[in-house]
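In what follows, every heavy atom counts, from backbone to side chain, and hydrogens, waters and symmetry copies are set aside.
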Amino acid sequence: MSGLWAACGLVLLALVLTTVLKKDAPAIAILLSLVAGVLILLRAFEMADGVLSNLTGLLEQGGIAQEMYLPVLKCVGVAVVVRVMGALCRDNGQGALAAKIEIAGAVLALALCLPLAEQVLALASGWTA
């Protein structure tokens, strides 16, 4: 929970500073915003590493094969990246580019889920892939 509060503090600080700097030094304001975003994402990835380790251990204890949950985790990763990239595009007035990255992410998510769909179909119909 403290990580969230630290991230919120960093966001608020970056928002105030970028608002002040936007008029006189827009390039510095953009760089400040990007640096704050990178710092927050790095911290989030550190926290996610521990969560994924615990989740993997729990799923293995439950006897769930990695092939069943790995595509879901990959799709979550794709969704996070696409959301961040789309927001960056929209912040810079590139709505059409944001839509294209979202389409690419959706196609990639579907491709990542194909092995899971095969596993589910195999379980449902009794055939082996």
Side-chain angles (χ1 to χ4, degrees):
M1 192 68 170
S2 64
L4 176 63
W5 290 115
C8 289
L10 181 58
V11 166
L12 290 174
L13 179 63
L15 285 173
V16 169
L17 290 175
T18 55
T19 302
V20 170
L21 291 172
K22 192 180 288 187
K23 180 182 172 190
D24 297 324
I28 294 174
I30 290 172
L31 287 175
L32 177 64
S33 177
L34 288 173
V35 168
V38 167
L39 290 174
I40 291 167
L41 286 177
L42 288 175
R43 180 65 182 133
F45 291 147
E46 288 175 12
M47 291 186 293
D49 186 40
V51 170
L52 289 176
S53 301
N54 290 339
L55 180 63
T56 301
L58 286 173
L59 291 170
E60 287 175 359
Q61 285 177 354
I64 299 174
Q66 187 176 16
E67 294 82 25
M68 295 300 278
Y69 66 86
L70 196 58
V72 175
L73 294 178
K74 288 180 180 180
C75 283
V76 170
V78 167
V80 169
V81 170
V82 167
R83 181 166 171 93
V84 169
M85 294 307 297
L88 284 174
C89 291
R90 282 187 194 85
D91 284 350
N92 288 297
Q94 298 294 326
L97 192 57
K100 289 171 182 67
I101 192 71
E102 289 167 355
I103 291 169
V107 170
L108 180 58
L110 284 173
L112 289 171
C113 286
L114 283 178
L116 180 59
E118 289 174 353
Q119 292 284 331
V120 170
L121 191 59
L123 287 172
S125 65
W127 64 275
T128 57

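- The CZ atom of Arg43 sits 12.0 Å away from atom CD1 of Ile40, with the distance rounded to the nearest 0.5 Å.
- Grouping the Ile, Leu, Val, Met, Phe, Trp and Tyr side chains by contacts below 4.5 angstrom, directly or via other members, places Met85 with Leu34.
- Rounded to the nearest 0.5 Å, atoms CG (Leu15) and CG (Leu10) are 9.5 Å apart.
- Asn92 places a side-chain N or O within 3.5 Å of a backbone atom of Leu88 that can act as its donor or acceptor partner.
- No continuous path of hydrophobic side-chain contacts links Leu97 to Leu108 [ILVMFWY only; heavy atoms under 4.5 Å].
- Shortest non-hydrogen contact noted between Ala98 and Gly86 is CB-O, 3.6 Å.
- Listed by chain and residue number, nothing satisfies the side-chain contact (heavy atoms from CB on, under 4.5 Å) test with Leu31 (two or more places apart in sequence, or in another chain).
- Residue Glu102 holds its CD atom at 9.5 Å from CZ of Arg83, rounded to the nearest 0.5 Å.
- Summarising the local packing, CG of Leu39 is surrounded by more than 12 heavy atoms from other residues, nucleotides or ligands at distances under 6.0 Å.
- Note on Ile101: it clusters hydrophobically with Leu41, by side-chain heavy-atom contacts below 4.5 Å among ILVMFWY residues.
- Grouping the Ile, Leu, Val, Met, Phe, Trp and Tyr side chains by contacts below 4.5 angstrom, directly or via other members, places Val11 apart from Leu17.
- Here Leu13 contributes atom CG and Leu32 contributes atom CG; the two are 7.5 Å apart, rounded to the nearest 0.5 Å.
- Summarising the geometry, atom CE belonging to Met47 is positioned 11.0 Å from atom CG belonging to Leu42; distances are rounded to the nearest 0.5 Å.
- Here the closest heavy-atom approach between residue Cys75 and residue Cys113 is recorded as SG-SG, 3.2 Å.
- A continuous path of ILVMFWY side-chain contacts below 4.5 Å connects Val81 to Phe45, so both sit in one hydrophobic cluster.
- The shortest heavy-atom contact between Arg90 and Gly95 is CG-CA, 4.5 Å.
- Atom-to-atom distance recorded for Thr56:OG1 and Leu52:CG is 6.0 Å, nearest 0.5 angstrom.
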Candidate pair Thr18 and Ile30, rule side-chain contact (heavy atoms from CB on, under 4.5 Å), full reasoning: CA-CA 7 Å; Thr18 55; Ile30 290 172; over 6 Å; no
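- For the side-chain contact (heavy atoms from CB on, under 4.5 Å) test, residues two or more places apart in sequence or in another chain that qualify with Leu70 are Gln66, Lys74.
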